[in-house]
Amino acid sequence: MLIARISMRAASLLAAGLFAASLGAQAADVFGFIPSGGRTLLAKTFAGGPPADEVKALLAAKHTREEWLSYLRSRSKAMTGLQKLSEKELLTLADYLSYNMPLPPAKIPANPARVNWEKLLPPDGRDFTLDYCQSCHIVTVVITQKRSKDAWLGSMNKPSHIQIKLTREQRDALASYLVLNAAIPIDQVPEELRAGGATY
Ligand code: HEC
């Protein structure tokens with residue numbers, strides 16, 4: 001009897017915990033509409049378990065964005081995860097690789113099958129947006145704008161933004177991600193990120 005009551009209590013605590021966890025997951029999902037950046041796209045590609053040599057060759061190569069795009073197209077049989085990416089995702093990934101590859105030799109894993117790629121890979125433009133672009137105004141100010149790369153860099157170099165702790169190269173990579181993935185129509189932005197707008 002007592003045992004039964006204790007385990008009921010444990011069960012309801014567990015249920016409450018699961019409920020809270022699912023609320024947490026929902027809260028994180030508010031940003032789900034912002035397109036994946038290269039870190040996530042590459043992690044997904046590698047999750048398909050491509051041959052270790054393919055992975056290592058990719059991580060050690062240096063190319064321009066255009067070269068990466070044709071490289072990725074040419075490797076889609078060996079790295080089948082690539083076949084699941086849309087044209088825009090492929091371009092976003094090529095763009096990311098042009099900024100982040102090659103990885104320093106010490107970061108290239110000996111056994112790619114046992115790596116947490118989300119952690120190992122450098123942050124992408126989406127990461128920068130979420131980490132550095134919402135402390136003064138709502139992220140909507142950023143991800144709904146359609147701009148050229150120069151216009152993005154211009155905003156980021158204004159007095160209001162110059163203090164943000166992103167290096168020149170990171171700003172460049174962020175601007176490049178935003179050219180490809182911002183300009184999100186307002187009706188695709190969740191309600192709670194629409195009202196209020198900027199607080200500056
Ligand atoms: C330290 C506070 C602060 C942070 C952090 C910040 N902003 Fe802003 N942002 C402002 C202020 C203040 C304005 C309005 C005045 C202005 O435009 O300079 C603004 C306005 C903007 C605008 C609209 C006007 C314009 O300049 O085009 C854009 C776009 C923008 N921010 C992009 C970004 C991006 C991208 C990031 C992340 C890299 C970011 N902001 C992070 C303070 C900030």
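What you see is a predicted model; the values in this text were computed from it and never measured. Order of appearance sets the numbers: ligands from 1, and atoms from 1 within every ligand.
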Are there over 12 heavy-atom neighbours, none belonging to K84, within less than 6.0 Å of that residue's NZ?
no
Metal proximity, H161 vs atom 8 (Fe) of ligand 1, N/O/S cut-off 2.8 Å
yes
With L41 as partner, the option from S36, S86, P35 fulfilling side chain to side chain contact (heavy atoms under 4.5 Å, CB included) is S36
Which atoms from ligand 1 have a heavy atom of L174 less than 4.0 Å away?
38 (C)
Check K77 with E54, please: is the shortest side-chain N to carboxylate O separation under 4.0 Å?
no
By number and element, which atoms of ligand 1 are closer than 4.0 Å to a non-hydrogen atom of Y132?
5 (C), 37 (C), 41 (C)
Whether Q163 lies under 4.0 Å from ligand 1, heavy atom:
yes
Heavy atom to atom 38 (C) of ligand 1, shortest distance: which of S135, A182, C133, A151 holds it?
C133
Pairing residues for W152 by the ring pair (Phe, Tyr, Trp, His ring centres under 6.0 Å) criterion, not counting sequence neighbours
none
Option set R147, K158, H137, K165, criterion heavy-atom distance to atom 17 (O) of ligand 1, minimum:
K158
Quick one: which residue pairs count as a ring pair (Phe, Tyr, Trp, His ring centres under 6.0 Å) with a foot in residues 59-108, not counting sequence neighbours?
H63-W68, H63-Y71, W68-Y71
Ligand 1 to V142, heavy atom cutoff 4.0 Å, flagged ligand atoms 32 (C), 33 (C), 34 (C), 35 (C)
Test salt bridge (charged side-chain N to carboxylate O under 4.0 Å, His left out) applied to E87 and R73, step by step
CA-CA 10 Å; E87 276 302 299; R73 291 210 166 100; 2.5 Å; yes
Please find out if atom 8 (Fe) of ligand 1 and some N, O or S atom of C136 are separated by less than 2.8 Å.
no
Applying a 4.0 Å heavy-atom criterion (strictly less than), which segment of I164 is in contact with ligand 1: side chain, backbone, both, or neither?
side chain
Does atom CD of E169 have more than 12 heavy-atom neighbours from other groups under 6.0 Å away?
no
